[in-house]
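What you see below is based on every heavy atom in this structure, not just the backbone, and it leaves out hydrogens, waters and symmetry mates.
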Amino acid sequence: MKVDNSLPLEYSTEENNLKILGFWIFIGAEIMLFATLFTAYFTLENRTGNGPTGADIFEIAPVLVETILLLASSFTIGLAIHAMRLNKKKATMGFFIVTLILGAAFLGFEIYEFTHYVHVGAGLQTSAFTAALLTTLGTHGLHVTLGFFWGLFILIQIKKRGLTPETANKSFIFSLYWHFLDIIWIFIFSFIYLKGMM
Amino acid sequence: MDFFDRFAVPHPSFLIYASMVGIGLTMLAIVVGITYFKKWGYLWREWITTVDHKRIGIMYLLSALLMLFRGGVDAVMMRYQLSMPENTFLDSQHYNEVFSTHGVVMILFMAMPFIIFFFNYLVPLQIGARDVAFPRLNALSFWLFFMGMGLFNISFIVGGSPDAGWTSYFPLAGNEFSTSVGTNYYMIAIQIAGIGTLMTGINFITTILKMRAPGMKLMKMPMFTWSAFIANVIIVFAFPVLTVLLAMGTMDRLFGTNFFTTDNGGMDMLWANLFWVWGHPEVYILILPAFGLYSEIISTFARRNLYGYKSMVASMVVISLLSFFVWAHHFFTMGQGPLANSIFSITTMAIAVPTGVKIFNWLFTLWKGKIEFTTPMLYSMLFIPLFTLGGVTGVMLAMSAADYQYHNTMFLVAHFHNVIIPGVVYAMLAGLTFYWPKIFGFMLNEKLGKWTAWLLSVGFVLAFIPMYITGLDGQARRMYTYSESTGFSAMNMVSFIGAAIMAIAFVLLVYNIYYSIRYSPRNIGSDPWDARSLEWATHTPVPEYNFAITPQVESTQPFWDSKKNGHQLFKGDIEKIHMPNNSGLPFIMSCIFFVFGFAMIFSIWPLAIITLIGILGCLAYRSFEKDHGRYISVEEIKETETRLRGAKK
């Protein structure tokens with residue numbers, strides 16, 4: 001395998017370059033996926049049937065906590081990649097661990113939020129609005145869940161195999177994914193929660 | 001409903017039972033055959049675990065041909081049912097299932113794999129690459145598609161087929177009106193195949209952007225590669241819409257949500273809109289690569305450079321953009337008001353402009369060319385007038401005011417078959433005949449090939465032109481029978497005769513393959529058509545690594561230049577080549593997907609959860625796997641090269 005040392009580790013081989021570009025294209029597809037979900041949500045937003053509206057069920061406190069957790073985790077994964085570029089294995093792993101803990105905490109709050117919705121009578125089957133809401137949130141949450149395990153696996157690999165072109169490449173791609181989920185959350189926070197509470 | 005009742009077919013008939021027995025016997029014969037000839041090991045090593053783009057391509061081709069016949073039988077059954085008034089060959093439920101599966105099978109499981117076969121086989125060769133960017137992902141794409149196809153095809157013997165049309169509009173496709181599991185099959189099988197297609201899109205965009213031979217700038221790519229690139233961009237932006245749409249449809253049917261229902265705020269038109277936001281770009285995913293193939297073929301057999309290269313590329317880009325802004329023309333009559341209808345009318349008609357540019361470019365390529373009428377060229381020449389006819393009726397349908405007359409009639413059916421058959425199917429057959437010698441090392445018989453092309457065209461005209469007339473007279477599509485007083489019977493009989501002639505043409509195609517396998521000469525060299533682009537510059541059969549030395553490119557037709565203008569394609573020495581390892585994981589994971597899909601369709605939750613864990617386990621295994629590929633040594637390459645050069649004569 002040809003390694004070009006003038007480039008950062010994650011870009012140093014041909015294969016790594018391909019993977020990063022491929023992942024950017026995958027993010028393009030993901031943007032379309034969430035765009036479709038948002039379209040469906042905005043279409044069905046006011047079609048609440050006999051169920052509650054957004055203003056009835058949204059609570060700012062847990063949502064704000066979730067937002068802070070996820071934004072912080074996006075920052076820490078950035079620090080992890082920075083540490084990786086400086087070739088500091090321990091610092092990289094440390095920031096990875098913080099990121100994953102923040103991600104898990106986010107998921108915990110989201111699960112609480114979901115049970116709360118079901119509790120106040122906004123289950124999946126209640127109305128078109130609740131179906132679109134829970135599907136959009138759920139798809140994001142599912143991405144975070146998958147990301148959590150993916151990140152965990154990469155963490156184990158960094159620990160076992162060190163910072164190689166391969167693990168660096170995986171970590172970098174994981175960071176792209178994690179930042180992307182954060183951006184989606186910003187849209188969810190602004191256009192689902194804040195708009196719904198107004 | 002009792003547990004086992006769900007597996008029963010909703011309308012048992014002799015045909016269904018005969019098919020069950022037929023499928024069972026065929027499967028048994030295949031298993032016994034493979035065991036008898038001791039081919040399991042060969043099958044596993046050389047095909048199931050392969051990551052070679054050429055072999056994956058061939059597997060796509062076999063699937064596509066198989067589905068062509070499955071969908072074709074559906075078509076003939078429908079034409080026979082309608083050939084006489086008050087016919088009782090199929091009952092209404094059975095007819096609904098037949099036209100629904102015919103549409104899905106032909107679009108998603110015949111045309112899609114056929115073009116993906118061409119992507120796989122041709123794109124790496126045309127750009128001088130060793131393989132695609134992500135060979136293992138490519139294998140996974142194929143196997144997911146294959147399992148989706150398998151799942152969809154068992155529907156008619158286990159539980160019943162989808163019966164709400166290939167568009168599956170809600171509320172018709174909802175639980176209330178589609179009570180069998182058929183529509184579950186639709187939602188889940190297409191979802192699995194669609195994920196595979198999405199990954200194909202990502203794979204080929206990366207391949208084309210990053211792996212072109214030195215000197216091949218974007219504007220020097222062969223036209224088919226350009227068309228493949230644009231089609232894959234459309235795939236990446238259109239298929240996620242389908243993913244979400246099918247997920248919502250699945251939830252409506254399995255979990256009782258209210259996305260598309262008629263109460264609790266559900267909106268059935270959301271399905272129609274989102275379906276066509278994916279569905280219209282989808283038809284351009286099919287037609288653009290077809291245009292690319294025609295460009296290659298016409299330029300080869302007119303012995304001329306393709307006329308208007310830049311305008312060809314520009315028109316494809318414009319078509320791909322417009323394709324995302326025309327979706328509402330599929331339901332002008334379904335109540336969005338004059339303003340929206342007018343806008344979508346205009347965008348739709350605008351598509352005729354870049355398409356017209358392409359037609360004229362082909363005509364100008366022919367102008368003053370030394371035209372040679374081979375079978376692929378014959379298909380291309382039949383394509384131009386027939387496709388133009390379909391395009392013109394398309395502009396008729398695009399006029400929203402007039403569409404109230406045509407909507408949901410046979411006129412529409414005639415139109416889209418008129419663009420898809422001469423447009424896509426002819427391109428697939430032309431491309432297949434054109435590239436057959438490159439793939440298999442011998443030509444298909446020209447005489448039989450031309451007979452097939454002519455029979456197909458005569459059959460096509462007889463089958464579909466009458467539909468324009470009965471459509472304008474008011475024959476609705478999708479009705480399973482009609483009374484004699486409507487006066488449709490004569491025209492429908494002509495249609496049936498046309499369909500039968502088309503069926504004969506396809507049988508002739510099969511006979512041609514058989515005949516050519518037995519009698520076609522094998523010493524045809526690697527460039528039997530005197531062609532122009534890189535895929536013809538390597539040996540036949542193509543070695544695993546494609547090119548021993550990466551070719552150098554300076555123009556849009558490097559191989560032609562190397563033959564006629566002294567361009568040196570292969571500079572430098574042979575070096576060792578890095579190749580990916582085979583892997584069984586894509587196949588195993590796709591098999592688990594198949595079981596998962598089945599469990600979902602029949603709401604067998606414990607099995608669904610177990611298989612879901614299995615899928616996640618495969619992903620985890622892949623994450624930890626160390627696989628750095630392998631190297632082919634210089635000696636081995638030299639040996640292969642000498643052997644193949646010897647075989648070439």
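In A:His116, the NE2 atom is crowded: over 12 heavy atoms of neighbouring residues, nucleotides or ligands sit closer than 6.0 Å. When the shell of 6.0 Å around CH2 of A:Trp150 is examined, it contains more than 12 heavy atoms from other residues, nucleotides or ligands. Around the CZ atom of B:Phe255, the shell of radius 6.0 Å holds more than 12 heavy atoms that belong to other residues, nucleotides or ligands. Residue-environment remark: CZ (A:Phe75) stays at or below the threshold of 12 foreign heavy atoms within 6.0 Å. Remark: B:Lys576 NZ is loosely packed, at most 12 non-hydrogen atoms of other residues, nucleotides or ligands lying under 6.0 Å away. Within a 6.0 Å sphere centred on NZ of A:Lys195, heavy atoms belonging to other residues, nucleotides or ligands number more than 12. Counted within 6.0 Å of CZ on A:Phe42, heavy atoms from surrounding residues, nucleotides or ligands total more than 12; the atom is thus considered enclosed. Counted within 6.0 Å of CZ on B:Phe325, heavy atoms from surrounding residues, nucleotides or ligands total 12 or fewer; the atom is thus considered open.
Residue B:Asn273 holds its CG atom at 8.0 Å from OG1 of A:Thr43, rounded to the nearest 0.5 Å. A distance of 8.0 Å separates CE in B:Met248 from OG1 in A:Thr36, rounded to the nearest 0.5 Å. Summarising the geometry, atom CZ belonging to A:Phe153 is positioned 8.5 Å from atom CG belonging to B:Leu619; distances are rounded to the nearest 0.5 Å. Going from atom CZ of A:Phe26 over to atom CD1 of B:Ile205 covers 13.0 Å, rounded to the nearest 0.5 Å. If you take CG on A:Leu21 and OG1 on B:Thr206, they are separated by 5.0 Å, rounding to the nearest 0.5 Å. With rounding to the nearest 0.5 angstrom, the CG atom of A:Leu33 is 9.0 Å from the CG atom of B:Leu198.
Both the backbone and the side chain of B:Phe237 come within contact range of chain A, each with at least one heavy atom under 4.5 Å from a heavy atom of that chain. Heavy-atom distances place no part of B:Leu245 under 4.5 Å from chain A, backbone and side chain included. For A:Glu30, no part sits under 4.5 Å from any heavy atom of chain B, backbone or side chain. The part of A:Leu146 that comes within reach of chain B is its side chain, from C-beta onward, which places non-hydrogen atoms under 4.5 angstrom from that chain. Within the 4.5 angstrom heavy-atom criterion, only side-chain atoms of B:Leu616, from C-beta onward, approach chain A. In this structure, the portions of B:Ile202 lying under 4.5 Å from any heavy atom of chain A include both its backbone and its side chain. Using a 4.5 Å cut-off between heavy atoms, B:Met211 touches chain A through its side chain atoms alone. Contact of B:Ala238 with chain A is not made at all, since no heavy-atom distance falls under 4.5 Å. For B:Thr243, the part lying under 4.5 angstrom from a heavy atom of chain A is the side chain only.
Residues A:Met32 and B:Phe239 form no side-chain contact, since every pair of their non-hydrogen atoms from C-beta on lies 4.5 Å or further apart.
Among all heavy-atom pairs drawn from A:Ala29 and B:Pro240, the shortest one is O-CG, 3.3 Å. The minimum heavy-atom distance linking A:Thr135 with B:Phe259 is given by the pair OG1-CZ, 3.2 Å. B:Phe624 and A:Ile156 make their closest contact through CE2-CG2, 3.9 Å (heavy atoms, listed as atom of the first residue, atom of the second, distance).
Looking only at distances, a side-chain donor or acceptor of A:Gln157 sits under 3.5 Å from a matching main-chain atom of B:Ser623. Listed for the A:Gln125 side chain is no donor-acceptor partner under 3.5 Å among the backbone atoms of B:Asn258.
Looking only at heavy-atom pairs under 4.5 Å with chain B, the residue among A:Glu166, A:Arg161, A:Lys170, A:Lys160 that has the most is A:Arg161.
Test A:Thr126, A:Asn50, A:Thr130 against B:Asn264 for side-chain contact (heavy atoms from CB on, under 4.5 Å) and you get one pass: A:Asn50.
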Can A:Leu124 and B:Met251 be said to form a side-chain contact (heavy atoms from CB on, under 4.5 Å), step by step?
CA-CA 9 Å; A:Leu124 197 60; B:Met251 286 169 69; 3.9 Å; yes
